[in-house]
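Scroll down for the structure; my scribbles are underneath it.
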Amino acid sequence: MHSFRYISGSLHCEDVSLNTLAKEHGTPLYVYSAGTFRDHFSKLDKALSDLPHEVAYAVKANSNLSILRLLAELGSGFDIVSGGELLRVIKAGGDPAKCTFAGVGKTRAEIEFALQHGIYSLNVESEEEATFIDQIAGEMGVKAPIAFRVNPNVDAKTHKYISTGKSENKFGIDFESIEDAYARAAKLKNVTLKGLQMHIGSQLTTVDPFLEAVEKVAPLAAKLKETYQIEFFSIGGGIGIVYDPALKSGDPAWWESQDPESRPLTPTEYAANVVPVLKPLDLKILLEPGRFIAGNAGVLLTKCLYEKKGAAKTFKIIDSGMHQLIRPALYEGYHEINPVKEPTGETEVVDVVGPICETGDFFCQDREVPSFQPGDVIAMMSAGAYGFTMASTYNTHPLPAEILVDGSESRVVRKRQTLKELISPEEI
Ligand code: LLP
């Protein structure tokens with residue numbers, strides 16, 4: 001449940017008016033709700049309370065230091081994919097001993113950095129990587145805690161670019177070869193076999209693929225526990241969120257009005273399915289949610305600059321685009337569009353597009369949206385995950401500012417980048 005709603009005719013984040021924030025800080029502007037982060041984290045944590053478990057937030061979804069601090073304070077662990085993300089966690093006050101490090105291409109510098117800081121586990125994606133880690137750990141005179149990532153060859157039924165658990169994907173080790181990988185790694189002198197990991201994909205809206213993967217891999221986890229005394233099984237992230245209708249999904253009444261058979265996946269439903277399969281393992285279960293925690297906790301505020309009536313279409317041209325929220329361009333992602341000033345009910349069918357010189361720079365095409373005009377501020381909903389973290393300065397646009405709202409307080413948690421900062425590393 002998120003905390004974005006219309007109050008007295010204006011869209012609010014918790015108790016703060018988004019119009020006021022846009023006036024004070026300008027647009028484009030990312031705005032996050034601290035209360036929503038807390039609510040989503042604790043819903044997942046609670047759902048798994050029947051198991052020895054840890055929620056390890058996937059930092060890639062939203063890595064702002066203040067967000068990481070907030071989650072560290074709630075006791076969250078962190079799933080990281082680079083030395084940079086580990087540095088962020090440390091800076092934010094997170095505990096490296098609660099961090100798992102995933103990714104197919106870890107460098108020597110990153111592995112050394114992780115080992116120096118006493119990371120909980122390096123989640124290894126190939127036997128070559130295990131050998132390399134063993135060599136580095138040997139040079140450092142330490143034992144590297146590792147887990148292999150298994151590729152269970154399960155179809156996550158999500159967009160092909162965020163599907164990771166099929167054998168044609170680059171991730172993990174084939175289910176058929178994984179036991180051999182453990183047997184060989186057990187002979188390495190400088191690694192400890194600490195766990196098993198998997199992650200089949202992102203934005204999964206039904207529980208079936210999760211259940212299929214967990215049922216397939218649980219017997220393997222049991223075997224590895226018996227043979228190598230592994231202590232954890234990470235079942236990855238991937239729980240999907242409601243992008244449509246985003247605003248309504250912030251209202252508990254909306255959830256109650258949904259058919260329980262077909263309503264979007266909730267932590268309770270997820271847990272009701274996977275916990276019975278996991279419980280007999282008596283392993284520490286890790287969950288690596290990113291989008292579920294961050295997605296509906298943030299919006300991107302942007303201003304309409306022009307309305308252009310073309311021969312075939314009406315274009316609303318706004319001051320943000322694919323450089324600041326790439327999900328529509330990259331994954332055909334849907335983001336609900338809501339004017340900050342409460343709509344009167346009038347709608348129009350338009351393309352909402354950005355300033356970038358690419359035809360793919362659109363937020364929607366031929367979509368019926370609440371009417372808005374040049375000068376109006378609009379909110380791209382569900383932009384808290386994979387929004388700012390995937391932003392670039394393409395076409396030399398500075399990165400937007402980020403604001404964190406907590407109740408009636410709001411704070412700049414990242415200053416808007418200036419053009420001077422943007423070009424300053426360059427030389428002639
Ligand atoms: N664990 C691993 C190993 C992952 O690769 C990911 C996401 C997660 C956890 C967190 O998944 P989540 O709970 O957020 O679904 N940029 C894309 C999503 C890429 C996800 C990459 N891996 C998007 O905007 O849809």
Side-chain angles (χ1 to χ4, degrees), residues 37 40-41 43-44 47-48 54-63 67 71 76-82 85 99-106 120-125 129 147-152 156-166 169-173 195-207 209-210 213 217 232-243 264-265 267 270 274 285-298 300 322 324-335 363 380-392:
F37 271 93
H40 291 169
F41 175 87
K43 284 213 168 89
L44 286 175
L48 296 180
E54 185 154 282
V55 176
Y57 170 68
V59 172
K60 63 175 86 65
N62 187 322
S63 59
I67 298 295
L71 290 163
S76 182
F78 297 95
D79 172 56
I80 58 163
V81 287
S82 69
E85 286 190 350
C99 286
T100 50
F101 191 165
V104 296
K106 303 177 193 76
Y120 179 63
S121 174
L122 288 153
N123 291 346
V124 175
E125 307 236 9
E129 187 191 331
F148 278 113
R149 173 170 180 172
V150 60
N151 184 326
K157 299 194 176 69
T158 181
H159 190 277
K160 63 178 178 186
Y161 286 1
I162 49 177
S163 203
T164 51
K166 289 282 284 172
N169 303 132
K170 69 178 175 182
F171 299 100
I173 293 178
L196 172 68
Q197 196 262 355
M198 69 173 177
H199 171 74
I200 59 170
S202 195
Q203 184 53 17
L204 275 68
T205 49
T206 64
V207 80
F210 287 120
V217 177
F232 79 88
F233 175 26
S234 173
I235 55 173
I239 303 178
I241 61 166
V242 179
Y243 281 99
L265 188 55
Y270 177 82
V274 300
I285 302 300
L286 264 57
L287 189 66
E288 304 166 1
R291 191 190 318 262
F292 183 83
I293 292 181
N296 275 324
L300 172 60
M322 64 187 291
Q324 292 164 352
L325 181 58
I326 202 173
R327 301 198 64 267
L330 199 53
Y331 319 106
E332 299 161 314
Y334 180 99
H335 289 267
F363 286 104
M380 293 291 161
M381 305 301 290
S382 323
Y386 308 109
F388 188 93
T389 48
M390 295 185 79
S392 76

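The basis for the numbers below is simple: all heavy atoms, side chains too, and nothing from hydrogens, waters or symmetry mates. Ligands are counted one by one from 1 in listed order, and the atoms in each one are counted from 1 as well. By convention here, the first residue in the shown sequence is residue 1.
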**Prompt:** Which class fits the ring pair His40 and Phe292: parallel under 30°, tilted 30 to 60°, perpendicular over 60°?
**Reply:**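 His40 vs Phe292 ring planes: tilted.
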**Asked** Of all heavy-atom pairs between Ser121 and Asn123, which one has the smallest distance, and what is that distance?
**Response**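 Minimum heavy-atom contact is OG-OD1, 3.0 Å.
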**Message:** To check you understand the geometry: which heavy-atom pair defines the closest contact between His199 and Gly237, and what is its length?
**Reply:**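 What the structure gives for the nearest pair is ND1-N, 3.0 Å.
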**Prompt:** Do Lys60 and Tyr386 meet the cation-pi criteria used here (NZ or CZ under 6.0 Å from the six-membered ring centre, within 45° of the axis)?
**Reply:**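 The answer is no, since Lys60 fails at least one limit relative to Tyr386.
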**Those residues that, when tested against Ser76, pass side chain to side chain donor-acceptor pair (under 3.5 Å) (two or more places apart)** =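 Ser76 satisfies side chain to side chain donor-acceptor pair (under 3.5 Å) with no residue once adjacent residues are dropped.
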**Request:** Would you confirm whether the ring centroid of Phe41 sits within less than 6.0 angstrom of the ring centroid of Tyr57?
**Result:**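 No, they do not, as the ring centres are separated by 6.0 Å or more.
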**Within the 4.0 Å heavy-atom sphere of ligand 1, strictly under, residues** =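 Ligand 1 is contacted, at a heavy-atom distance under 4.0 Å, by Ala58, Lys60, Asp79, Arg149, Ile162, Gln197, His199, Ser202, Gln203, Gly237, Gly238, Glu288, Pro289, Gly290, Arg291, Arg327, Tyr331, Tyr386, Met390.
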